[in-house]
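Heads up, the thing below is written out as structure tokens.
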Amino acid sequence: MSAGECQTRNVTEDDDASDAPPPLDSEDIALLKSYGLGPYSVPIKEIEDEIKKHQQTVKDLIGIKESDTGLSQPSQWDLVGDKQMMQEEAPLQVARCTKIIAGEEGAGEGGAGAGAGGAAGGAGGAGHAHKPSP
């Protein structure tokens, strides 16, 4: 540029068409794909794929599908021990109160009638107040 010459370009000039970037070749694409990857990224990816393949093989050999029931694997079940524990425990007795029987005032003790065979036939202590449930 010489002294006094304009230092700005005209917007109407069509120099943009000649300045188009060259198309990307396969080497440029490979470089862009590997940008940001560490030196061990490819071997790690291969090993992760191999681990997934082995996990699938193990699942196929076991023959058990994972479920969200919360049960442990059948190989960890202790059926004999669980059966013995169920026999040793006292059975749970559950009943629903159907009506309240007023006790004698002199005895100071109230009673409650129970449904389902009288499993919970109740007698409250001296200080317990029995109220009908809604």
Side-chain angles (χ1 to χ4, degrees):
M1 280 192 196
S2 62
E5 189 176 332
C6 182
Q7 296 180 358
T8 60
R9 282 181 36 189
N10 271 342
V11 179
T12 58
E13 292 180 14
D14 288 333
D15 291 338
D16 293 335
S18 63
D19 292 339
L24 297 175
D25 60 351
S26 61
E27 292 177 1
D28 293 336
I29 293 173
L31 177 69
L32 289 174
K33 284 184 179 179
S34 66
Y35 181 78
L37 297 178
Y40 300 110
S41 296
V42 174
I44 289 174
K45 183 68 174 167
E46 291 173 357
I47 291 174
E48 286 176 348
D49 292 339
E50 187 177 339
I51 289 172
K52 287 180 185 178
K53 186 179 92 174
H54 286 296
Q55 284 178 338
Q56 186 63 37
T57 305
V58 169
K59 285 180 185 178
D60 292 342
L61 292 175
I62 291 175
I64 299 171
K65 294 181 180 176
E66 289 185 16
S67 65
D68 55 351
T69 59
L71 296 175
S72 64
Q73 295 179 355
S75 62
Q76 297 176 344
W77 291 356
D78 183 16
L79 297 177
V80 175
D82 290 343
K83 187 175 182 179
Q84 182 181 2
M85 182 180 63
M86 291 296 290
Q87 290 174 350
E88 291 174 359
E89 287 181 351
L92 297 175
Q93 296 180 355
V94 179
R96 189 174 76 203
C97 184
T98 56
K99 68 178 183 178
I100 296 178
I101 302 171
E104 296 179 23
E105 291 188 24
E109 199 174 301
H128 296 283
H130 294 283
K131 298 180 184 175
S133 57

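Scope of the values below: all heavy atoms of this structure, side chains included, with no hydrogens, waters or symmetry mates. Here the structure is a predicted model, which is why all the values come from computation and not from measurement.
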Show every donor-acceptor pair shorter than 3.5 Å between a side-chain atom in residues 33-48 and any protein atom, with sequence neighbours excluded, or say none if there are none.
from: S34; atom 1: OG; to: A30; atom 2: O; distance (Å): 3.2
from: S34; atom 1: OG; to: L31; atom 2: O; distance (Å): 3.1
from: S41; atom 1: OG; to: G38; atom 2: N; distance (Å): 2.9
from: S41; atom 1: OG; to: G38; atom 2: O; distance (Å): 3.3

Side-chain donor/acceptor pairs under 3.5 Å, residues 79-89, sequence neighbours excluded:
from: Q84; atom 1: NE2; to: E88; atom 2: OE2; distance (Å): 3.2

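Within a 6.0 Å sphere centred on CD of E27, other residues, nucleotides and ligands contribute 12 heavy atoms or fewer.
For Q56, the side-chain hydrogen bond (donor to acceptor under 3.5 Å, both in side chains) partners at least two apart in sequence or on another chain are D60.
Other residues sharing a hydrophobic cluster with L32 under the 4.5 Å side-chain heavy-atom criterion for ILVMFWY residues are L24, I29.
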